[in-house]
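Notes follow the structure.
In listed order, ligands and their atoms are each counted from 1. Computed from a predicted structure; not experimentally measured. Numbers here are sequence positions counted from 1.
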Amino acid sequence: MKKDMKKKILTIIGTRPEAIKLAPVVLELKRRQDLFNFPVCVTAQHREMLDQPLALFGIKPDYDLDIMSPGQTLAQVTARAMEGLDNVVSQEKPDVILVQGDTTTAFCGALTAYYHQIKVGHLEAGLRTGNKYAPFPEEINRCMVGRIADLHFAPTETARQALLDEGIANPTIFVTGNTVIDALLWVRERVQAAPPELPKGLFEAIKDQQVILVTGHRRESFGDGFDNICLAIRAIADSFMDVVFVYPVHLNPNVGEPVNRILGGHPRIHLIEPLSYAPFVWLMNHSIIVLTDSGGVQEEAPSLGKPVLVMRETTERPEGITAGNALLVGIQRERIVEGLTQLLRNSDQRAAMAAVNNPYGDGQAAQRIVDILAKVR
Ligand code: UD1
Ligand code: UDP
């Protein structure tokens, strides 16, 4: 096929999870470069946390809008992303724009595509809580992208049904699995072949311990919610001498402040910088329980056979809860302490949760998505 006959797919990436979940698709487009041109634009809504997975997967963006500023507001991210993306799309004139998930970058990418009357492919379409403020602002970002998108790549049947319930036409919805499982399996293989480097001293500190891995960053939990989460972690660390927490702290200052104030200096709580994806996967694999509010981590942990306690009042990923991999413990201190205590004391319950198959994908999602893109006219 002649170069100018190739389909041009512009991939837009803003944050860490978008990079991890879009990487398998970009690599698959590259594998089929006889069919596709595949420019990549990062808004860099995240900076360090975005650069980590881009480097791991060997993705060198063609455009870097470099919009991140410390403590940025939602309006600032939106305004900067819209202006930068408008220029990139005017220049590239792609056939399809790919966005992933529910971030402000994903929303701005879809809206920019609409303004230019370009087709939008939405990865991880159809996740809903039905509560417009939880997750905030992700629930509405995702709904708005869904309203604009032409191709809805739903990870599960539940997600497909949510789209159908909103009147999205069935032939435009494709249940592909979640590309996060593609990324996870790719990285797990490498981690098994060669253990990744951990922060200095961490391996020695945790190697003979029962590790609980923690992540948290949701905006709707800022303030009292994060104080409660940290107080619960501290209470468990004080009463279980044979357990250590490892907590790679998200760089959002609204997270770092309560975490360092409440958990800093505790001998069995290791607060570390965000980890690159390979050591993070290694650490997940080394843990006995994962305590998180993260979307991606909720999806990954079951593939590694790790029980998940979800520190949220509601989740747009009910599949793990229904299947039995995950439990929703909310953001009240007592409930988190109760949930963790029960799981730490009951190894049979942990084993039962670990044994459930991951409901989010089989590692072939990117291939399915690119097959569909190849047929788009
Ligand atoms: C964003 C997404 C959220 C996603 C999360 C993944 C929105 C509105 N939020 O939330 O949906 O689940 O990413 O982690 O799209 N920062 C750094 N370096 C980084 C990244 C962040 O210093 O590499 C700090 C900066 O001070 C930045 C702040 O974190 O201003 C917030 O970043 P932002 O992307 O606005 O929100 P997140 O809470 O990261
Ligand atoms: N992750 C990582 N390093 C860390 C914490 C998380 O690489 O220190 C990965 C994790 O495996 C998952 C993704 O980042 O793939 C999740 O990102 P985050 O929790 O920030 O966002 P969400 O998924 O909630 O949108």
Side-chain angles (χ1 to χ4, degrees), residues 13-24 42-57 66-78 80-81 99-109 124 127 135-142 145 178-184 186-188 191 196 198-199 213-222 226 246-257 271-285 287 290 292-301 303-304 306 308 310-312 315-317 360:
I13 301 174
T15 64
R16 169 172 70 190
E18 292 162 86
I20 291 169
K21 291 172 170 179
L22 279 162
V42 298
T43 62
Q45 175 180 334
H46 281 178
R47 188 69 277 172
E48 306 90 310
M49 287 164 57
L50 172 71
D51 294 341
Q52 285 175 333
L54 291 177
L56 175 71
F57 289 101
D66 200 22
I67 67 169
M68 197 202 89
S69 67
Q72 63 206 2
T73 65
L74 295 174
Q76 283 166 341
V77 180
T78 307
R80 289 181 190 143
V99 296
Q100 196 283 335
D102 54 14
T103 65
T104 296
T105 291
F107 166 58
C108 293
E124 206 181 67
L127 280 63
F136 171 77
E138 290 83 4
E139 174 76 0
I140 292 299
N141 279 347
R142 205 188 287 272
V145 177
N178 196 312
T179 53
V180 79
I181 307 297
D182 306 30
L184 178 70
W186 189 89
V187 169
R188 188 176 66 175
V191 167
L198 292 178
L213 177 62
V214 185
T215 80
H217 70 84
R218 303 243 74 95
R219 270 182 162 72
E220 64 274 16
S221 304
F222 289 170
F226 259 95
V246 180
Y247 187 164
V249 184
H250 193 287
L251 294 179
N252 193 321
N254 295 301
V255 177
E257 189 283 316
L271 302 180
I272 57 175
E273 298 279 304
L275 284 171
S276 184
Y277 190 44
F280 186 79
V281 169
W282 183 91
L283 201 55
M284 236 186 321
N285 211 22
S287 310
V290 178
T292 191
D293 65 14
S294 161
V297 176
Q298 278 178 71
E299 292 155 346
E300 292 162 340
S303 281
L304 302 176
K306 303 298 166 184
V308 187
V310 182
M311 299 186 291
R312 296 173 54 175
T315 177
E316 65 288 350
R317 292 164 169 92
Y360 295 108

With Asp102 as partner, the option from Arg218, Lys21, Arg142 fulfilling salt bridge (Lys or Arg N to Asp or Glu O under 4.0 Å) is Arg142

Quick check on contacts: which atoms of ligand 1 are under 4.0 angstrom from a heavy atom of Arg218?
12 (O)

Subset of ligand 1 atoms that lie under 4.0 Å from at least one heavy atom of Gly71
25 (C), 26 (O), 27 (C), 30 (O)

Pairwise distance OG1(Thr15) to CD1(Ile20) - rounded to 0.5 angstrom:
8.5 Å

Atoms in ligand 1 flagged as close to Pro17, the criterion being non-hydrogen separation under 4.0 Å
6 (C)

Which atoms of ligand 1 are found less than 4.0 Å from any heavy atom of His250?
14 (O), 37 (P), 38 (O), 39 (O)

Among all protein heavy atoms in this structure, tell me which lies nearest to atom 21 (C) of ligand 1, with the distance rounded to 0.1 Å.
His46 CD2, 3.7 Å

Protein residue, atom and distance nearest to atom 8 (C) of ligand 1, heavy-atom basis:
Thr104 OG1, 3.2 Å

Judged by atom type as modelled, is there a donor-acceptor pair below 3.5 Å linking the side chain of Glu138 to the main-chain atoms of Phe136?
yes

Check against side-chain contact (heavy atoms from CB on, under 4.5 Å), His46 and Gln52:
CA-CA 10 Å; His46 281 178; Gln52 285 175 333; over 6 Å; no

Should Thr105 be counted as touching ligand 1, given the test is an N or O pair under 3.5 Å?
no

Proximal atoms of ligand 1 relative to His217 (non-hydrogen, under 4.0 Å)
4 (C), 5 (C), 6 (C), 12 (O)

Protein contact of atom 35 (O) of ligand 1 - nearest heavy atom, named by residue and atom, plus distance:
Gln72 NE2, 2.8 Å

Can you tell me how far the CG atom of Asn178 sits from the CD atom of Glu299, to the nearest 0.5 Å?
4.5 Å

Which segment of Pro253 sits under 4.0 Å of ligand 1 when only heavy atoms are counted
side chain

Subset of ligand 1 atoms that lie under 4.0 Å from at least one heavy atom of Ser69:
27 (C), 30 (O)

Between Met49 and ligand 1, is there a nitrogen or oxygen pair with a distance under 3.5 Å?
yes

Side-chain heavy-atom pair Cys108, Val99 within 4.5 angstrom cut-off
no

Does the side-chain contact (heavy atoms from CB on, under 4.5 Å) test come out yes or no for Leu184 and Leu304, once each step is laid out?
CA-CA 9 Å; Leu184 178 70; Leu304 302 176; 4.3 Å; yes

With sequence neighbours left out, what residues match Glu18 under salt bridge (charged side-chain N to carboxylate O under 4.0 Å, His left out)?
none

Gln298 side chain to Ser294 backbone, donor-acceptor under 3.5 Å
yes

Contacts table for residues 272-285: side-chain donor-acceptor under 3.5 angstrom, sequence neighbours left out:
{"from": "Tyr277", "atom 1": "OH", "to": "Glu300", "atom 2": "OE2", "distance (Å)": "2.8"}

Identify the protein heavy atom lying closest to atom 24 (C) of ligand 1, giving its residue, its atom name and the separation to 0.1 Å.
Leu251 O, 3.4 Å

May I ask you to identify, for Glu138, whether its side chain, its backbone, both or neither come under 4.0 Å of ligand 1 on a heavy-atom basis?
side chain

Which one holds for Asn252 and ligand 1: side chain close, backbone close, both close, or neither close, with close meaning a heavy atom under 4.0 Å?
both

Answer whether the closest heavy-atom distance between the side chains of Arg317 and Glu124 falls below 4.5 Å.
yes

Distance-only side-chain donor-acceptor flag, Thr78 / Thr104, under 3.5 Å
no

Test side chain to side chain contact (heavy atoms under 4.5 Å, CB included) applied to Gln72 - qualifying residues, sequence neighbours left out
Gln45, Met68, Ser69, Gln76, Val77

Using a strict cut-off of 4.0 Å, indicate which atoms of ligand 1 neighbour a heavy atom of Pro137.
8 (C)

Taking distance alone, with no angle check, do Thr103 and ligand 1 share an N/O pair under 3.5 Å?
no

To check your reading of the model: name the closest protein heavy atom to atom 36 (O) of ligand 1, its residue, and the distance in Å.
Arg219 NH1, 3.2 Å

Report the member of Arg16, Arg47, Gln45 with the shortest heavy-atom distance to atom 2 (C) of ligand 1.
Gln45

Within less than 4.0 angstrom of ligand 1, does Gly101 place any heavy atom?
no

Please classify the Pro135 to ligand 1 contact at 4.0 Å (heavy-atom distances, strictly less than): side chain, backbone, both or neither.
neither

Going from CZ on Arg16 to NE2 on His250, what distance comes out if it is rounded to the nearest 0.5 angstrom?
5.5 Å

Nearest protein heavy atom to atom 18 (N) of ligand 1, by residue and atom, and its distance?
Glu48 OE1, 2.9 Å

Atom OG1 in Thr43, atom CD1 in Ile13: separation rounded to 0.5 Å?
9.0 Å

Looking only at protein heavy atoms, which one is nearest to atom 22 (O) of ligand 1, and how far off is it?
Met68 CE, 3.5 Å

Criterion side-chain contact (heavy atoms from CB on, under 4.5 Å) on Val255 and Phe222, from CA distance to verdict:
CA-CA 7 Å; Val255 177; Phe222 289 170; 3.9 Å; yes

Verify side-chain contact (heavy atoms from CB on, under 4.5 Å) between Val187 and Phe57, making sure each step is shown before the conclusion.
CA-CA 9 Å; Val187 169; Phe57 289 101; 4.0 Å; yes

Considering the heavy atoms of Leu74, write down every atom of ligand 1 situated less than 4.0 Å from one of them.
8 (C)

Spacing of Glu257 atom CD and Asn252 atom CG [to the nearest 0.5 Å]:
11.5 Å

Under 4.0 Å from ligand 2, residues with heavy atoms, in chain and number order, are Arg16, Pro17, Ile20, His217, Arg218, Pro248, Pro274, Leu275, Tyr277, Phe280, Ser294, Gly295, Gly296, Val297, Glu300

